[in-house]
Amino acid sequence: MDRTTGRTFAHGATRFAPSPTGELHLGNARTALFNFLLARHGAERFVLRVEDTDASRSRPEHTVGLLQDLRWLGLQWDAGPGCEDALGPYYQSQRAALYAQRFEQLQRQGVVYPCFCSAVELEAARHAQRAAGRAPRYPGTCRALSAEERHRRLGAGQPATLRFRVPAGRYIEFTDLVHGLQRFLSDDIGDFVIRRADGSAAFFFSNAVDDAAMGVTQVLRGEDHLTNTPRQLLILEALGLPAPRYGHISLILGSDGAPLSKRHGATSVREFRERGYRPEAVVNYLFRLGHSSGEHDLLGLDALAGVFDPRHLGRAPAHFDEQQLTVWQKHAVHRLDPQAARDWLAPLLPSGLDPHTAMAFCAAVLPNVVLPEDAKPWIDIVFGPAPALCGEGADVVREAGSGFFSAAARAAAGGADFAAIAAAARAASGRKGAQLFRPLRFALTGLGHGPELAPLLRVMPAGEAERRLSRFA
RNA sequence: GCUCCCUUCGUCUAGAGGCCCAGGACAUAGCCCUCUCAAGGCUGUAACACGGGUUCGAAUCCCGUAGGGAGCGCCA
């Protein structure tokens, strides 16, 4: 039993390990969601680890934003920042001592070696290899340095990275949670850096080592890591640490088939939040992006976790389609209760509006609103001055005649009871159906379409309905 | 260049040799309902990238082709 969350966990764990180098992107949000659901589905722990080993690119404000976005989506982690436990710390920048032990272990085993090549030399080598039509791999310059040579250079203070010595002629196999059996030849992998010259741990290393240290047993991550997996398996194997089961999910593409990027419009969770999207809409949309289930309703995270199944993760890249997100947004908005609706639209509502009226107004316009901005015109129509009529509206009103409106206005004088107003107008004119309602709608709102009139009238300032109707009497 | 991944309606997908002249959801079109819009109901349009094999039979297996993507970094 976990003391802070009160949850009971099975032995496994999943994790989301973002790097605070930017905002939480939709693709990463989906990865986080899938890991969260996988954990919840199996009653496992969901770990959040901040991969901030690259001091030059990591920013504290990005970490803050990341945590905020995840919480907004409802993806609360069981261990991680703010939920530290014995397996932490959960910021990689604070785990240097742990890494040092592992570096030492690998050095003792002789499976790593210091590399003195400079960035310039390496760049030149890669360039030459590409030009020669070969794979740009580390040429092995420092691989066979003699012990004396190494000591001499190290002693002279020459900066060195630590490289992993990749064994030759080996197949590395693993079963991917979504792609099935994968097999790579070690000869295609060059010796890679696991510790930078400044002493910090490189991704392949810290990421793999931490998964093992934190008890992570299943990892869903972006497909861009698929061909990196053999490297991490090699490290874990050398260290004698257990490897998690990896599942690689496809990238999210824009409508043009290119990987989703800023030029496709909004791509960060923050942007959608600020535009008024509901977290449950984003979550439900992301859940269906590259994952299938028999469920077609808007579901809560617990329900989603119940039906989440990594075997139903798609292999093909999914296209982000804002129209589909809008559908979920509509569902999410329509099921908001009056209080939640008022909270959602609160920033737009006129100040000084009494809470009860505010709530009633929001409930009235909600069926016609997808994003908060859609409510804006109705705020003006209901609480602002009487709206002017367009050409068509003027025609409809004129055609109904002054007798129609004088009867309606008289009824409105007794209160903004729409049924009574409509009944009076009907009695005076004999009109019914659209003939009856359209003139009233235009006179009262200035538009030919919109939310139901009765609830709208109930929240209009006292006497306003009568004033608007009298204009045409 | 090398290695790897991917390719079913507009979109998300079901489909693991016959149950598929391919099913669902959303979108879209039409109709019904209706004071409008929304909601709801009904009906429709719409896809196995291409070419070869294997098989009595292939969306499903194999091989190619094309297209898209990723990795090969002292980024993660």
Side-chain angles (χ1 to χ4, degrees), chain A residues 17-22 51-54 56-58 92 115 117-119 122-123 126 129-138 159-163 176 178-179 182-185 187-190 192-200 202-204 206-207 221-231 248 250-251 253 255 257-259 285 287-297 311-312 314-324 326-328 330-331 334 365-370 418 422 431-442 445 447-454:
Chain A
S19 177
T21 54
E51 307 220 326
D52 54 352
T53 59
D54 183 357
S56 62
R57 296 207 312 150
S58 297
Q92 288 191 325
C115 170
C117 298
S118 70
L122 293 170
E123 183 51 44
R126 272 194 292 274
Q129 284 167 318
R130 269 185 212 282
R134 282 180 291 122
R137 279 196 286 276
Y138 178 63
T161 61
L162 200 59
R163 275 186 196 271
D176 187 277
V178 351
H179 294 277
Q182 302 292 307
R183 198 159 100 119
F184 294 86
L185 182 58
D187 296 348
D188 292 324
I189 304 169
F192 54 93
V193 171
I194 61 170
R195 189 179 67 195
R196 303 184 185 101
D198 66 4
S200 63
F203 167 77
F204 291 129
S206 53
N207 181 266
R221 57 187 344 188
E223 207 174 83
D224 47 338
H225 291 296
L226 183 56
T227 51
N228 289 331
T229 305
R231 266 173 272 255
H248 292 91
S250 60
L251 270 20
L253 269 29
S255 48
Y285 178 56
F287 173 76
R288 271 102 183 163
L289 204 52
H291 179 265
S292 64
S293 76
E295 302 294 333
H296 298 297
D297 295 326
R311 287 172 303 185
H312 283 133
R315 291 148 298 281
H319 295 76
F320 175 72
D321 180 359
E322 192 157 345
Q323 187 184 38
Q324 297 288 329
T326 299
V327 171
W328 291 109
K330 234 182 251 183
H331 287 150
H334 289 177
V365 299
L366 214 53
N368 292 64
V369 168
V370 174
F418 183 68
R431 287 167 168 254
K432 57 182 181 178
Q435 289 289 300
L436 171 65
F437 290 101
R438 265 167 66 81
L440 290 173
R441 178 173 284 282
F442 269 115
T445 71
L447 294 177
H449 62 85
E452 283 193 48
L453 285 170

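The chains referred to below are lettered A, B, ... by the order of the sequence lines, with proteins before strands, and numbering in each begins at 1.
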Which atom of A/Ile189 lies closest to which atom of A/Pro230, heavy atoms considered | CD1-CB, 3.8 Å
5'-most contact on RNA chain B (nearest-nucleotide basis), A/Ala202 vs A/Glu223, goes to A/Glu223
Checking N1-N3 plus N6-O4 or O6-N4 for Watson-Crick, or N1-O2 and O6-N3 for wobble, each under 3.5 Å, the partner of B/A16 is none
Checking all strands, does A/Gly450 fall into the base, sugar-phosphate, or nothing category for heavy-atom contacts under 4.0 angstrom?
-> base
Take atom P in B/C61 and the same atom in B/C74, then report the distance between them in whole Å.
-> 39 Å
Base-pairing mate for B/A59 - Watson-Crick or G-U, with both contacts under 3.5 Å | none
When we call it a touch if two heavy atoms are under 4.0 Å apart, what does A/Arg441 touch: a base, just sugar-phosphate, or nothing?
-> base
Applying a 3.5 Å limit to both distances, which nucleotide forms a Watson-Crick or G-U wobble pair with B/C21?
-> none
Checking all strands, does A/His248 fall into the base, sugar-phosphate, or nothing category for heavy-atom contacts under 4.0 angstrom?
-> nothing
Contact class for A/Ala434 vs. all strands (heavy atom < 4.0 Å): base, sugar-phosphate, or nothing?
-> sugar-phosphate
Considering residues at least two apart in sequence or located in another chain, which fulfil the ring-ring contact (aromatic ring centres under 6.0 Å, His included) criterion with A/Phe287?
-> A/His291
May I ask you to say what A/Thr53 touches in the nucleic acid, namely base, sugar-phosphate or nothing, with a heavy-atom cut-off under 4.0 Å?
-> sugar-phosphate
So what does A/Gly290 hit on the nucleic acid, given a heavy-atom distance under 4.0 Å: a base, only sugar-phosphate, or nothing?
-> sugar-phosphate
Looking across every strand, which nucleic acid part, if any, lies under 4.0 Å from A/Thr161 by heavy atom: base, sugar-phosphate, or nothing?
-> base
If we take the P atom in both B/G24 and B/A38, what is their distance in whole Å?
-> 25 Å
Distance, P atom - from B/A16 to B/G68, rounded to whole angstrom = 31 Å
Quick one: label A/Leu251 by what it contacts on the DNA or RNA (base, sugar-phosphate, nothing), any heavy atom closer than 4.0 Å.
-> sugar-phosphate
Strand partner of B/G71, provided both Watson-Crick or wobble distances fall under 3.5 Å | B/C2
How would you list, by chain and number, every residue that makes a salt bridge (charged side-chain N to carboxylate O under 4.0 Å, His left out) with A/Arg137, sequence neighbours excluded?
-> none
Assigned partner base of B/G44, Watson-Crick or wobble definition, under 3.5 Å = B/U28
Pick the P atom in B/A59 and in B/C20, then give their distance to the nearest Å.
-> 13 Å
By ring-ring contact (aromatic ring centres under 6.0 Å, His included), which residues pair with A/His331, not counting sequence neighbours?
-> A/Trp328
Touch class at under 4.0 angstrom, heavy-atom based, for A/Cys117 against every strand present = base
Rounded C1' spacing from B/C50 to B/A66 in Å = 7 Å
Considering every strand shown, what is the Watson-Crick or G-U wobble mate of B/C33 when both distances are under 3.5 Å?
-> none
Counting any heavy atom closer than 4.0 Å, what does A/Tyr285 reach on the DNA or RNA strands: base, sugar-phosphate only, or nothing?
-> nothing
If we take the P atom in both B/C6 and B/C42, what is their distance in whole Å?
-> 38 Å
Separation between the C1' atoms of B/U7 and B/U60, rounded to whole Å = 14 Å
Nearest heavy-atom contact between A/Phe192 and A/Arg231 is CE2-CG, 3.2 Å
Base, sugar-phosphate alone, or nothing: which one does A/Asn228 contact when heavy atoms must sit under 4.0 Å apart?
-> base
Applying side-chain contact (heavy atoms from CB on, under 4.5 Å) to A/Arg163 and not counting sequence neighbours gives A/Tyr113, A/Cys115, A/Leu122, A/Tyr138, A/Thr161, A/Asp191, A/Val193
Under 3.5 Å, side chain of A/Tyr285 to main-chain N/O of A/Phe320, donor-acceptor pair present?
-> no
Would you say the side-chain atoms of A/Thr445 and A/Arg441 include a donor-acceptor pair closer than 3.5 Å?
-> no
Which part of the nucleic acid, if any, lies within contact of A/Arg163, taking any heavy atom under 4.0 Å across all strands shown: a base, the sugar-phosphate backbone alone, or nothing?
-> sugar-phosphate
Checking all strands, does A/Gln323 fall into the base, sugar-phosphate, or nothing category for heavy-atom contacts under 4.0 angstrom?
-> sugar-phosphate
Just jot down the ring-ring contact (aromatic ring centres under 6.0 Å, His included) partners of A/Phe203, sequence neighbours excluded, or say none.
-> A/His225
Who pairs with B/U7 - Watson-Crick or G-U, where each distance is under 3.5 Å | B/A66
Under 4.0 Å from any heavy atom of chain A: name the first and the last nucleotide of RNA chain B that qualifies, 5' to 3'.
-> B/G1 to B/A76
Give me the one residue out of A/Arg221, A/His179, A/Gln182 that meets side-chain hydrogen bond (donor to acceptor under 3.5 Å, both in side chains) with A/His248.
-> A/Arg221
If pairing requires Watson-Crick or G-U wobble contacts with both distances under 3.5 Å, which nucleotide is the partner of B/A38?
-> none
Along RNA chain B (nearest heavy atom to each residue), the more 5'-positioned of A/Arg195 and A/Arg311 = A/Arg311
Which part of the nucleic acid, if any, lies within contact of A/Asp188, taking any heavy atom under 4.0 Å across all strands shown: a base, the sugar-phosphate backbone alone, or nothing?
-> sugar-phosphate
On a whole-Å scale, what distance lies between the C1' atoms belonging to B/C48 and B/U8?
-> 4 Å
